[in-house]
Amino acid sequence: MAARWSLRTKLVVVVILALLPVVAVVGWQIDSNEVSRDGQRVEAAASVLQLAVARDRELIESARRVLTAVCAENSVSESAAPDASQAELSRCGLYLARVLEQFPDEYSAALVTDDKGVARCSSAATVVGMGFGDREVFRSVRDSSKFAVGSYVASRVTPISILPVALPIQRNGNFGGMCAMGISRRWLADAVTAVSPDGEIAVVLIDHAGAAIGGNADFARMLPRPGRAAAAVALGESTFRDYGRDGSLHDFSIRPLS
């Protein structure tokens with residue numbers, strides 16, 4: 001019994017990063033001898049979730065501001081035009097590369113496509129000519145004419161997973177292309193999981209399949225079976241009780257993370 005209850009004061013917060021909106025999961029080990037502490041644990045978990053939600057929104061908003069500034073540069077917006085000269089395209093690529101040099105950990109490559117999704121310029125020269133019309137974020141920004149956040153994908157530019165964000169480029173009132181960049185999944189995960197106010201609360205990021213992708217690896221053992229969290233999200237469960245991978249019974253509470 002001593003081993004079973006050795007983690008009873010610990011809380012684990014899990015942010016599931018799947019298709020937006022994502023979901024936050026909070027779990028704590030059940031201890032029938034300390035039922036009176038459940039209220040305090042729920043409050044502590046809710047506090048951490050609020051911090052995680054706020055941090056996530058802050059990071060996405062920061063990315064939107066950076067992207068807005070980048071896309072407003074003349075050499076960037078003009079590169080989507082079909083008649084843009086090679087000199088103009090080169091200036092666009094150099095500008096994007098200089099900007100991203102200031103954010104080596106935060107962002108992956110930046111690029112501009114035409115209205116069909118073909119890359120016209122990029123911070124990585126090898127991307128020019130590559131097609132992105134099949135990307136979810138391209139379709140979203142084309143159809144909505146607004147800032148869009150895509151789903152986590154493997155970058156076609158750099159060897160990392162990214163969360164793509166994009167803005168439309170308008171030409172004569174019509175969609176003329178996409179200006180986009182990728183937020184490093186690892187950086188975003190590390191930034192969101194760094195919200196714990198003390199050592200008794202840990203934040204772990206998992207993907208839609210229930211696999212841990214960031215946060216305190218030691219606390220990943222407290223997660224439920226990979227498919228259990230995914231099923232809870234799919235079924236719209238707000239709370240559920242199940243055993244973690246550590247063999248202990250836990251209560252989990254799910255909250256949306258916009």
Side-chain angles (χ1 to χ4, degrees), residues 17-22 55-81 84 88-171 175-192 205 213-214 258:
L17 299 177
L19 300 181
L20 297 181
V22 295
R55 184 60 173 150
D56 181 74
R57 289 175 175 170
E58 176 187 337
L59 296 173
I60 297 299
E61 175 59 17
S62 294
R64 187 192 67 81
R65 290 174 181 271
V66 170
L67 186 63
T68 299
V70 167
C71 299
E73 169 66 23
N74 286 337
S75 65
V76 173
S77 59
E78 292 302 320
S79 68
E88 290 172 324
L89 296 177
S90 296
R91 281 197 296 273
C92 170
L94 290 173
Y95 174 78
L96 294 179
R98 285 198 301 270
V99 171
L100 263 64
E101 284 177 357
Q102 310 304 311
F103 307 96
D105 299 321
E106 292 93 329
Y107 306 121
S108 175
L111 59 89
V112 175
T113 76
D114 61 17
D115 60 344
K116 299 298 190 297
V118 178
R120 299 281 290 164
C121 90
S122 172
S123 57
T126 56
V127 176
V128 176
M130 191 179 294
F132 291 86
D134 61 331
R135 289 295 204 190
E136 175 198 17
V137 71
F138 176 82
R139 296 192 298 270
S140 295
V141 79
R142 178 195 62 195
D143 298 342
S144 69
S145 297
K146 297 178 180 178
F147 172 74
V149 181
S151 302
Y152 280 95
V153 294
S155 173
R156 292 177 179 171
V157 184
T158 57
I160 62 173
S161 294
I162 61 168
L163 182 70
V165 291
L167 281 168
I169 294 177
Q170 299 291 340
R171 300 192 65 80
F175 177 73
M178 173 182 74
C179 180
M181 68 181 185
I183 305 174
S184 165
R185 186 184 75 172
R186 175 58 59 184
W187 172 77
L188 187 61
D190 290 345
V192 171
L205 298 188
I213 61 173
S258 64

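Atoms CD and CZ, on E61 and F147 in that order, are 8.0 Å from each other to the nearest 0.5 Å. Taking CZ from R186 and OG from S161, the interatomic distance works out to 9.0 Å, rounded to the nearest 0.5 Å. Considering OG of S79 and CZ of R91, their distance stands at 10.5 Å, rounded to 0.5 Å.
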*Determine, stepwise, if the pair M181 / V165 fulfils side chain to side chain contact (heavy atoms under 4.5 Å, CB included).*
CA-CA 6 Å; M181 68 181 185; V165 291; 3.9 Å; yes
*Begin with the C-alpha distance, continue with both residues' side-chain angles, and end with the deciding distance and a verdict on side chain to side chain contact (heavy atoms under 4.5 Å, CB included) for V70 and L167.*
CA-CA 10 Å; V70 167; L167 281 168; over 6 Å; no
*For side chain to side chain contact (heavy atoms under 4.5 Å, CB included), just list the numbers for V128 and L89, CA-CA rounded to whole Å, side-chain angles, deciding distance to a tenth of an Å, and then say yes or no.*
CA-CA 10 Å; V128 176; L89 296 177; over 6 Å; no
*Apply side chain to side chain contact (heavy atoms under 4.5 Å, CB included) to the pair I162 and V153, showing each step before the final yes or no.*
CA-CA 6 Å; I162 61 168; V153 294; 3.9 Å; yes
*Could you give me the CA-CA distance, side-chain angles and deciding distance for E101 and R98, then say whether salt bridge (Lys or Arg N to Asp or Glu O under 4.0 Å) is met?*
CA-CA 5 Å; E101 284 177 357; R98 285 198 301 270; over 6 Å; no
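Using a 4.5 Å heavy-atom threshold, the side chains of F175 and V141 count as touching. Within the 4.5 Å cutoff, the side chain of E73 has no heavy atoms near those of the E78 side chain. Counting only heavy atoms from C-beta outward, the side chains of L59 and I183 never approach each other to under 4.5 Å.
Look at R55 and E58 and you find a salt bridge, because one of the NZ, NE, NH1 or NH2 atoms lies within 4.0 Å of a carboxylate O, short of that distance.
The stretch residues 96-129 participates, sequence neighbours left out, in these ring-ring contact (aromatic ring centres under 6.0 Å, His included) pairs: F103-Y107.
The shortest heavy-atom contact between C179 and L67 is O-CD2, 3.8 Å. In this structure, A180 and A166 approach most closely via the heavy-atom pair CB-CB, 3.7 Å. Across all their heavy atoms, L96 and C121 have their closest contact at CD1-SG, 3.8 Å.
Looking at E136, its side chain does come within 3.5 Å of a backbone N or O of S151 through a donor-acceptor pair. Within the 3.5 Å criterion, the main-chain N or O of L163 finds no donor-acceptor partner in the side chain of R185.
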Less than 3.5 Å apart, which donor and acceptor atoms pair up between the side chains of residues 109-116 and the rest of the protein, not counting sequence neighbours?
residue, atom, partner, partner atom, Å
T113, OG1, M178, N, 3.2
D114, OD1, K116, N, 2.9
D114, OD1, G117, N, 3.0
D114, OD1, V118, N, 3.0

